[in-house]
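Reviewing the structure listed below.
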Amino acid sequence: MAARSAIIIQSCVRRWIAQRRALRCRYLTVAIQRHCRGWLARKDLLKQRNAVIKIQRAIRCVICQKAFHLQKLAAIEIQRAIRGQISRKKLLGASSFCAASASSYGCNMSKGFFQSFELKLVITSVLKLQRWWRSVLLLKLRTKSAIIIQSHSRGWIAKQKAYIERHCIVLLQRHCRGWLVRKDFSLKRDSVIKIQRAIRCLICQKAFHLHKLAAIDIQRVIRGQLSRSRLLGASSFHVATAGSYNCKMSKGFFQSFELKLVITSVLKLQRWWRGVMLLKLRTKSAIIIQSHARGWIPKRETCRQKHCIVVIQRQSRGWLVRKDVLLRRDAVIKIQRAIRSLICQKAFHLQKLAAIDIQSVIRGQIARSTLLGATSVQAAGGGACNCNMAGGFFRSFELTLVIISVLKLQRWWRGVLLLKSRARSVIIIQTHARGWIARQKVYRKRTCIVVIQSYWKGYVARKESREQLLNLRLRMQKSAMNVDDSRRLINRLLSALSELLSMKSIRGILHNCETLDMATAHSLKCCEELVAAGAITILLKLIRAASRSIPDQQVLKHALSTLRNLARYPHLTQVLIDTPASVETILWELHRNKEEGYFIASQILKKICSNENGVITVHKFPALLKRLYNLVEELTRKAYNEKRNPRAVAVRDNTDRRLKEAVELLKLITNGYKSSKLPIAFAM
């Protein structure tokens, strides 16, 4: 009772300690989660605030840029209007001066004619220039608007993608954390259930053990009482017989002596039994304590390692996510930098082209004004000299000469540029053609050198090994003359073939099959001798008797390989076809085997189906042919399903290879059947 009470008290104390430890761990876990969630919330708030500040800064920058751009455009418009006004005033002043000079020279032309003509010419030029400049500005504005819209749309799309990716990452993290919490909770719950089950089992075992010990004690006491009663009864009977025979010993002497003897024996027996029970109890207690201690140490080590693995995985996943985000951000920054650089380059190129066009127009206008001024001066000189030619004639004639000269110069320059382009193209084509011809010559020479070297090396090797070959041939002839007939290859093969069905050892059967496989792979004579000795029938019996064990599968593989070596020769293939149940056995192995034996059986059937009689024999088994069609459909479906799983590469390659062999075999059977319809019908 004291031991049982101590055990119950210890179990209660240990349960209370475990509950307190579990509550403390739970409280610490909740506190850590609360701090982590608070830190994550503060970090998210800081990120959102920084993002809002960046967005506000970007919006304000865009607003300031728009305002500055509008002010710049307004200043440019004002400057253009003022400069146009100044230019018109200067032109009007020049036209009035020209009219005054014409009146002073006494020309027949009126003042209004010069003024109206030059004014119309200037106004027409100015209107054309304004119209062209407006079209250039409209084009630049459209281009700039399209670039701005594209940049804003691309930025918005990139922001939306980044937001969606961030939202997906947050959702994935949330689901992963929830899954981890649920998994941890389920593991803890399973651990608690297992601990409770173990404790309850231990309590029941202890109660049963105590009941058992109590029953043993009760039985021992009762049996001792019965033994003592029997012994006391025997001693009283002995005293009675001594009194009847008139012995001199008293009654008490017999009773006390036997009773003391029995009590002493019982005490010694009890003391010895208690020592044995105490030793057993100590041994059992030590074993239980050691088992629990040894179980607790690996569990603690496993929990520590699991915790370390989880921490390492969490840190590595976080590092990978941060690295991915940093790489994406750097990629976005580089893309933005490249796009902005491209936009700036395009804007600069457009401005450069516009400046070149404006300069060309202005220079052309200046050149035309200079020419027109020269013609007007020449016309004025002609009026002073009383020439009969009008001013328009000089102007049109010189302008025509200038235009013709310019056109000739342009035509000559275009011819020069075309000649240069053609010469450069011809040079490039010639260099590429010459390089290709030189590479072809070098490749051809290198190939010839390699061939000559290979022939020369072969000749030198044969020349050096001629004596060795002669010596080797002589040694082979001597050994062939001295060898026993039972040790010759043909006789060894025939003896191995005769021992195949009678041998009981799987190792000996495998050795004989390997010998037959190796010999038939290199010698036609060995194949013919084995077929004449009935090797095909023996091998078919061996194939049908093979089980699914690994040694039998090795034997099956070598037997099929031997049949494949025999089927390489057409006359032996015909013998294989004529052998009863040979095609059926090979078809059955094709359906049953999935490893290397499958491909060997497929090769044998290809050799058989290359013969018309073999095709006819194969079509005598429609059930096996139907199974072959079903196998092709199953492998096709399996290959299609395995293409979706990129991890199982080896399994997918094996399935594709099996499917390819089955399709080729089925195609050969079908084509052979179509080409041999008439013989089949005649045979039927």
Exercise for review: Output yes when a side-chain donor or acceptor of H591 lies under 3.5 Å from a complementary backbone atom of L624, and no otherwise.
Suggested key: yes
Exercise for review: Determine whether more than 12 heavy atoms belonging to other residues, nucleotides or ligands lie under 6.0 Å from atom CZ of R657.
Suggested key: no
Check your understanding: Nearest 0.5 Å, what's the CZ-NZ distance between R294 and K299?
Key -> 15.0 Å
Review point. CG of L666 to CD of E664: how many Å apart, nearest 0.5 Å?
Key: 11.0 Å
Exercise for review: Looking only at non-hydrogen atoms, find the nearest pair between T562 and L516 and report the distance.
Suggested key: OG1-C, 4.1 Å
Point to revise | Residue pair T617 / E584, side-chain heavy-atom distance below 4.5 Å | key: no
Review point. Of all residues at least two apart in sequence or in a different chain, which pass the salt bridge (Lys or Arg N to Asp or Glu O under 4.0 Å) check with D324?
Key: R328
Identify every side-chain donor-acceptor pair in residues 598-605 under 3.5 Å, counting partners at least two apart or on other chains, and give the distances.
| unit_1 | atom_1 | unit_2 | atom_2 | d |
| --- | --- | --- | --- | --- |
| Y598 | OH | R658 | O | 3.1 |
| S602 | OG | E661 | OE1 | 3.1 |
| Q603 | OE1 | R564 | NH1 | 2.9 |

Check your understanding: So, S582 side chain and L576 main chain: donor-acceptor pair closer than 3.5 Å or not?
Key -> yes
**Study point:** Heavy-atom pair with the smallest gap, counting every atom of A519 and C526
**Key:** O-CB, 4.1 Å
Point to revise | Euclidean distance, F185 CZ relative to D190 CG, rounded to 0.5 Å | key: 9.5 Å
Check your understanding: Measuring from C609:SG to L668:CG, what's the distance to the nearest 0.5 Å?
Key -> 5.0 Å
Check your understanding: Is there side-chain contact between L625 and L587, with heavy atoms separated by less than 4.5 Å?
Key -> no
Point to revise | E595: salt bridge (Lys or Arg N to Asp or Glu O under 4.0 Å) partners, not counting sequence neighbours | key: none
Exercise for review: Give the intermediate values and the outcome of side chain to side chain contact (heavy atoms under 4.5 Å, CB included) for residues L665 and L590.
Suggested key: CA-CA 11 Å; L665 178 61; L590 178 71; 3.6 Å; yes
Check your understanding: So, does S11 use its side chain to make a donor-acceptor pair with the main chain of I8 at under 3.5 Å?
Key -> yes
Using a 3.5 Å cut-off and no angle test, enumerate the donor-acceptor pairs between side-chain atoms of residues 22-36 and protein atoms at least two apart in sequence or in another chain.
| unit_1 | atom_1 | unit_2 | atom_2 | d |
| --- | --- | --- | --- | --- |
| T29 | OG1 | C25 | O | 2.6 |

Check your understanding: Which heavy-atom pair separates M518 from H522 by the least distance, and what is that distance?
Key -> O-ND1, 2.9 Å
**Study point:** Close side-chain approach of K43 to W39, heavy-atom, < 4.5 Å
**Key:** yes
What side-chain donor-acceptor pairs closer than 3.5 Å can you find for residues 533-547, not counting sequence neighbours?
| unit_1 | atom_1 | unit_2 | atom_2 | d |
| --- | --- | --- | --- | --- |
| R544 | NH1 | T585 | OG1 | 3.1 |
| S547 | OG | S549 | OG | 3.2 |
| S547 | OG | D552 | OD2 | 2.4 |

Practice item. Might you confirm whether atom CD of Q196 has over 12 heavy atoms from other residues, nucleotides or ligands at distances under 6.0 Å? Key: yes
Check your understanding: Would one find more than 12 heavy atoms of other residues, nucleotides or ligands at under 6.0 Å from atom CD1 of I550?
Key -> no
Exercise for review: Would you please name every residue forming a side chain to side chain donor-acceptor pair (under 3.5 Å) with Q19, sequence neighbours left out?
Suggested key: none
Check your understanding: Stepwise, does the side chain to side chain contact (heavy atoms under 4.5 Å, CB included) test hold for I193 with K188?
Key -> CA-CA 9 Å; I193 291 169; K188 287 181 179 178; over 6 Å; no
Review point. Sequence neighbours excluded, which residues qualify as side chain to side chain donor-acceptor pair (under 3.5 Å) partners of D578?
Key: Q574
Only distances under 3.5 Å count here; give the side-chain donor-acceptor pairs of residues 264-272 to other protein atoms, sequence neighbours excluded, each with its distance to 0.1 Å.
| unit_1 | atom_1 | unit_2 | atom_2 | d |
| --- | --- | --- | --- | --- |
| T264 | OG1 | K260 | O | 2.7 |
| S265 | OG | L261 | O | 2.9 |

Point to revise | Donor-acceptor pair, side chain of T515 and main chain of H511, under 3.5 angstrom | key: yes
Practice item. Report the residues that fulfil salt bridge (Lys or Arg N to Asp or Glu O under 4.0 Å) with D44, sequence neighbours left out, ordered by chain and then residue number. Key: R166
Identify every side-chain donor-acceptor pair in residues 197-222 under 3.5 Å, counting partners at least two apart or on other chains, and give the distances.
| unit_1 | atom_1 | unit_2 | atom_2 | d |
| --- | --- | --- | --- | --- |
| D217 | OD1 | R220 | NH1 | 3.1 |
| D217 | OD1 | R220 | NH2 | 2.5 |

Exercise for review: Indicate yes or no: at least one non-hydrogen side-chain atom of L659 is less than 4.5 angstrom from one of V663.
Suggested key: yes
Point to revise | More than 12 heavy atoms of other groups within 6.0 Å of R548 CZ | key: yes
Point to revise | Verdict with supporting geometry, I287 and K284, side chain to side chain contact (heavy atoms under 4.5 Å, CB included) | key: CA-CA 5 Å; I287 291 169; K284 190 173 182 181; 5.7 Å; no
**Study point:** Qualifying side-chain hydrogen bond (donor to acceptor under 3.5 Å, both in side chains) pairs with a residue from residues 300-321, counting only residues at least two apart or across chains
**Key:** E301-R304
Return a table of donor-acceptor pairs under 3.5 angstrom between the side chains of residues 626-639 and protein atoms on other chains or two or more places apart.
| unit_1 | atom_1 | unit_2 | atom_2 | d |
| --- | --- | --- | --- | --- |
| N630 | ND2 | K626 | O | 3.2 |
| T636 | OG1 | V632 | O | 2.7 |

Practice item. Please round to the nearest 0.5 Å and tell me the distance separating atom CZ of R14 and atom CD1 of I7. Key: 9.5 Å
**Study point:** Rounded distance [0.5 Å steps], OG in S561 versus CG in L556
**Key:** 11.0 Å
